[in-house]
Amino acid sequence: MINKILRLDFVLSKWFAGKRKTENVVPGLAYLFLSKVIYLGEVFVFLFLKLVGVKEPIFMAFGIMIYSLLVILIGRSPIEQTVRNPVFEKYYKSLSKSQVYVKRAIALFTLIASFFFMIIGSIMIARIKF
């Protein structure tokens, strides 16, 4: 499952990096993938902080910021090592032009959907009285 998401993000990262800046593909892919993980995880961090009894917004923002930084610091290196495998480049080269467009659209949709899930989930949790 993670490899499928990484393949989609690889196609999107190739598009964002452009044809001439291929050295930006792997770090870009790591941040795209980790952004999705952070967006989805922030809802659970927010819920946990609310259940623990943290009510000050500054402490909630600080908790979410620490979670985000930890995910990036811990997850970036393993993701980059996984993606440096030539299998991802072969996969990208095997795709037709229309398949590349579809993969880009799906990857962009999952990124935007995870962001909106974070926003909606945070609003719904904020309205709950514990």
Between Leu34 and Arg76, is a side chain to side chain contact (heavy atoms under 4.5 Å, CB included) present by the stated rule, with each step listed? CA-CA 8 Å; Leu34 292 175; Arg76 182 175 172 218; 4.2 Å; yes
If you apply the rule side chain to side chain contact (heavy atoms under 4.5 Å, CB included), what do you find for Ile5 with Thr110, and how did you get there? CA-CA 9 Å; Ile5 296 171; Thr110 58; 5.9 Å; no
Where do Thr82 and Asn3 land on the side chain to side chain contact (heavy atoms under 4.5 Å, CB included) test, with the steps shown first? CA-CA 9 Å; Thr82 303; Asn3 272 342; 4.3 Å; yes
Working note: Gln99 + Tyr92, criterion side chain to side chain contact (heavy atoms under 4.5 Å, CB included); need CA distance, chi angles, decisive distance, verdict. CA-CA 10 Å; Gln99 288 174 325; Tyr92 181 76; over 6 Å; no
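Val100 and Ile106 fall into different hydrophobic clusters, defined by Ile, Leu, Val, Met, Phe, Trp and Tyr side-chain heavy atoms under 4.5 Å apart, directly or through other members. No continuous path of ILVMFWY side-chain contacts below 4.5 Å connects Ile38 to Ile74, so the two sit in separate hydrophobic clusters. In this structure, Leu8 is not a member of the same hydrophobic cluster as Ile112, with clusters built from ILVMFWY side-chain heavy atoms closer than 4.5 Å. The hydrophobic clustering, which links ILVMFWY residues whose side-chain heavy atoms are closer than 4.5 Å, places Val37 and Phe116 together. Both Ile119 and Val43 are members of a single hydrophobic cluster when ILVMFWY side chains are connected at heavy-atom separations under 4.5 Å.
Tyr31 places a side-chain heavy atom less than 4.5 Å from the side chain of Ile72. Using a 4.5 Å heavy-atom cutoff, the side chains of Ile66 and Val45 are not in contact. Between Leu108 and Leu12 the shortest side-chain heavy-atom distance falls below 4.5 Å. Arg127 places a side-chain heavy atom less than 4.5 Å from the side chain of Ile123. Looking only at side-chain heavy atoms (C-beta outward), Leu111 and Tyr39 come within less than 4.5 Å of each other. Put simply, the side chain of Arg7 reaches to within 4.5 Å of the side chain of Val87, judged on heavy atoms. Side-chain atoms of Met124 and Ile120, non-hydrogen and from C-beta on, do get closer than 4.5 Å to each other.
In Ile58, the CD1 atom is not crowded: 12 or fewer heavy atoms of neighbouring residues, nucleotides or ligands sit closer than 6.0 Å. Within 6.0 Å of CZ in Phe115 there are 12 or fewer heavy atoms belonging to other residues, nucleotides or ligands.
Taking each heavy atom of Gly28 and Ser13 in turn, the nearest pair found is C-OG, 3.6 Å. The shortest non-hydrogen separation linking Leu49 to Gly63 is CD1-CA, 4.2 Å. Of all heavy-atom pairs between Glu80 and Pro27, the closest is OE2-CA, 3.6 Å. Closest non-hydrogen pair, Asp9 versus Leu29, comes out as C-CD1, 3.0 Å. Across all non-hydrogen atoms, the minimal contact from Val54 to Met60 is O-CE, 2.8 Å. Nearest heavy-atom pair, Val25 versus Ala17, reported as atom, atom and distance to 0.1 Å: CG2-CB, 3.7 Å.
In summary, the side chains of Ser122 and Glu42 do not present any donor paired with an acceptor at a separation below 3.5 Å, with no hydrogens or angles considered.
Remark: side-chain polar atoms of Lys36 are not paired, donor with acceptor, to backbone N or O of Ser114 under 3.5 angstrom.
The pair Glu89-Lys14 meets the salt-bridge criterion, since a charged nitrogen lies less than 4.0 angstrom from a carboxylate oxygen.
The aromatic rings of Phe10 and Phe88 are tilted relative to each other, their planes meeting at an angle between 30° and 60°.
Of the inter-residue distances, the one linking Leu95 atom CG with Lys103 atom NZ reads 6.5 Å to the nearest 0.5 angstrom.
Considering Leu70, Leu69, Val71 in turn, Val71 is the only one that fulfils the side-chain contact (heavy atoms from CB on, under 4.5 Å) rule with Tyr67.
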